[in-house]
Amino acid sequence: MTRAAFAGSQRYAIAWNGDTTSSWEHLRLTIPLNLGMGLSGMPVTGCDIGGFWEDTTPELLVRFTQLGALLPFCRNHSALGTVHQEPWSFGEPHTSLCRSAIGWRYRLLPYLISLAHAASTLGLPVMRPLCWLDPTDATLVACDHQFLLGDAVLVAPVLTEGATHHQVQLPPGEWFDMENDEVHSGPTIADFSVTLASMPLFARSGTIIPQAAILSSTGEIPREPLTLHVYLTHPGQVATLTWWDDDDTPDTLQEKRFMQYQITATWQGAEIVVRGEHLDGQMPWRYPGMRIQLHLPAHVAPQLPLFTNANGPFTLHWHAV
């Protein structure tokens with residue numbers, strides 16, 4: 001881990017943003033700084049959650065944690081002599097709000113692992129600017145207060161003190177609120193009522209996002225199935241995911257201790273077909289099965305898990321009603 005590097009260091013090191021202050025200004029600066037690092041070839045970066053110098057506040061710590069939990073590199077860190085800023089330092093309700101934000105990171109770890117693999121093999125940043133979806137849109141180019149995780153998840157953190165309303169820039173397409181499945185159409189600027197608990201996340205229609213259950217540590221054995229969240233809004237749409245998982249050891253590739261799957265979901269007329277194809281790797285399946293969760297417009301059908309107990313290639317057919 002480094003905060004100063006030379007050309008080529010991105011192959012071996014992650015980077016943090018140096019000694020920021022516990023301030024709303026540096027919270028807001030975190031997004032353009034880490035977007036720039038990713039676009040410059042250093043994909044795994046992050047800030048000192050809570051800020052390094054000076055004393056954080058309960059509200060600022062929660063907002064730093066909500067943002068920092070979804071940066072490629074996640075760490076809470078501060079200087080000697082400053083107020084303690086561990087997630088539990090200010091008591092309730094702030095402890096639970098920080099726990100909820102960190103829970104999102106655990107849930108999205110299967111997705112983040114795939115993005116990290118794509119960064120190492122294809123050079124694609126984990127954290128991407130909104131203009132990644134449309135480089136010709138000047139509004140998206142100018143947006144530096146939100147970001148994408150891969151192509152599927154839009155992160156729109158609340159970055160102002162005492163906020164009760166929050167404006168979100170939605171790129172072209174349709175976006176599912178990941179808390180309630182409400183669908184919003186872009187391009188637009190949408191206004192949302194927010195509280196300190198609000199952590200606005202949106203899933204792009206036409207994508208598949210793998211999620212796992214929340215654990216106390218990545219060293220734990222998963223006790224629940226992996227869930228593939230499939231987001232579709234209209235017939236004729238196709239969603240794809242190249243999902244990578246490995247055992248996180250230096251000789252993963254040489255020993256084939258990984259697995260790579262191609263997942264495809266196709267809405268064909270009144271039927272949605274989800275297929276999973278094993279592409280490579282010999283690592284045993286680490287989850288007790290797999291669950292498919294379809295996310296569709298509210299008028300189509302109840303949003304219920306459709307498939308469990310998959311440990312290899314599979315095909316699922318579902319009839320829309």
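Worth saying up front: this structure is predicted, and the values here are computed from it rather than measured.
- Checked by atom type and distance alone, the side chain of R75 never pairs as donor or acceptor with a backbone atom of G46 at under 3.5 Å.
- Considering only heavy atoms from C-beta on, W104 stays 4.5 Å or farther from Q66 through its side chain.
- The closest donor-acceptor contact from the side chain of S78 to the backbone of F52 lies at 3.5 Å or more, if one exists at all.
- Between the side chains of S89 and E86, at least one donor-acceptor pair of N or O atoms lies under 3.5 Å.
- Within a 6.0 Å radius of CD1 in I221, other residues, nucleotides and ligands contribute 12 heavy atoms or fewer.
- Atom CD1 of residue I113 and atom CG of residue L108 lie 11.0 Å apart, to the nearest 0.5 angstrom.
- When hydrophobic clusters are built by joining Ile, Leu, Val, Met, Phe, Trp and Tyr residues whose side-chain heavy atoms come closer than 4.5 Å, directly or via intermediates, V153 is grouped together with M127.
- In this structure, SG in C131 is found 7.5 Å from CG in L39, a value given to the nearest 0.5 Å.
- In terms of modelled atom types and a separation under 3.5 Å, the side chain of D55 and the main chain of V83 share a donor-acceptor contact.
- In this structure, D181 and Y231 have side chains that are in contact, with non-hydrogen atoms separated by less than 4.5 Å.
- Cluster membership for L112 and M199, using ILVMFWY side-chain heavy atoms within less than 4.5 angstrom, is shared.
- Cluster membership check: W132 does not share its hydrophobic cluster with L33, using side-chain heavy-atom separations under 4.5 Å among Ile, Leu, Val, Met, Phe, Trp and Tyr.
- Under a hydrophobic-cluster definition in which Ile, Leu, Val, Met, Phe, Trp and Tyr are linked whenever side-chain heavy atoms come within less than 4.5 Å, directly or via other members, L97 and F64 are assigned to different clusters.
- For the atom pair L170 CG and Q167 CD, the distance stands at 11.0 Å (nearest 0.5 Å).
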Problem set entry | Derivation and outcome, ring pair (Phe, Tyr, Trp, His ring centres under 6.0 Å), residues H184 and F192 | CA-CA 11 Å; H184 304 271; F192 296 89; 5.1 Å; yes

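- Residue-environment remark: CG (D248) stays at or below the threshold of 12 foreign heavy atoms within 6.0 Å.
- V273 and L232 are members of different hydrophobic clusters when ILVMFWY side chains are connected at heavy-atom separations under 4.5 Å.
- E174 places none of its side-chain heavy atoms less than 4.5 Å from the side chain of Q237.
- Partner of H26 under the side chain to side chain donor-acceptor pair (under 3.5 Å) criterion, chosen from T20, D48, T21: T21.
- At least one side-chain heavy atom of L196 sits under 4.5 Å from a side-chain heavy atom of H94.
- Side-chain atoms of T252 and D247 include a donor-acceptor pair closer than 3.5 Å.
- For the atom pair CG (L201) and CD (E179), the distance works out to 7.0 Å, reported to the nearest 0.5 Å.
- Applying the 6.0 Å contact sphere to NE2 of H234 captures more than 12 heavy atoms from other residues, nucleotides or ligands.
- Counting only heavy atoms from C-beta outward, the side chains of C74 and I102 never approach each other to under 4.5 Å.
- Separating the OG1 atom in T242 from the OH atom in Y261 is a distance of 13.5 Å, to the nearest 0.5 Å.
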Problem set entry | Residues W24, E59; criterion side-chain contact (heavy atoms from CB on, under 4.5 Å); working and verdict | CA-CA 10 Å; W24 291 92; E59 181 186 3; 3.8 Å; yes

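- Note that CG of L115 is 6.5 Å distant from CG of L149, once rounded to the nearest 0.5 Å.
- With respect to D280 and K256, a salt bridge is recorded, a charged nitrogen being found less than 4.0 Å from a carboxylate O.
- In terms of heavy atoms, V141 sits closest to P135 at CG2-O, 3.7 Å.
- Counting heavy-atom neighbours within 6.0 Å of E25 CD, excluding the residue itself, gives a total of 12 or less.
- Between P87 and C98 the shortest heavy-atom distance is CB-CB, 3.8 Å.
- Ring geometry for F258 against W244 counts as parallel: the plane angle stays under 30°, on a 0 to 90° scale with 60° as the upper cut.
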For this session: Start with the C-alpha distance between Q169 and T139, add both sets of side-chain angles, then the distance that settles side-chain hydrogen bond (donor to acceptor under 3.5 Å, both in side chains), and finish with yes or no.
Result: CA-CA 9 Å; Q169 177 75 52; T139 303; 5.5 Å; no

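- Looking at heavy atoms from C-beta onward, N76 lies in side-chain contact with L61 at the 4.5 angstrom threshold.
- With hydrogens and angles disregarded, no donor-acceptor distance shorter than 3.5 Å links the side chain of R3 to the backbone of G18.
- Ion pairing of D251 with R257 is present here, as a side-chain N (NZ or NE/NH1/NH2) and a carboxylate O approach within less than 4.0 Å.
- Pairs engaging residues 34-46 under the side chain to side chain donor-acceptor pair (under 3.5 Å) rule: N17-N34, N34-T45 [sequence neighbours left out].
- Using a 4.5 Å cut-off on side-chain heavy atoms (C-beta onward), F90 and T56 make contact.
- P200 is listed as a side-chain neighbour of H166, based on a closest heavy-atom distance under 4.5 Å.
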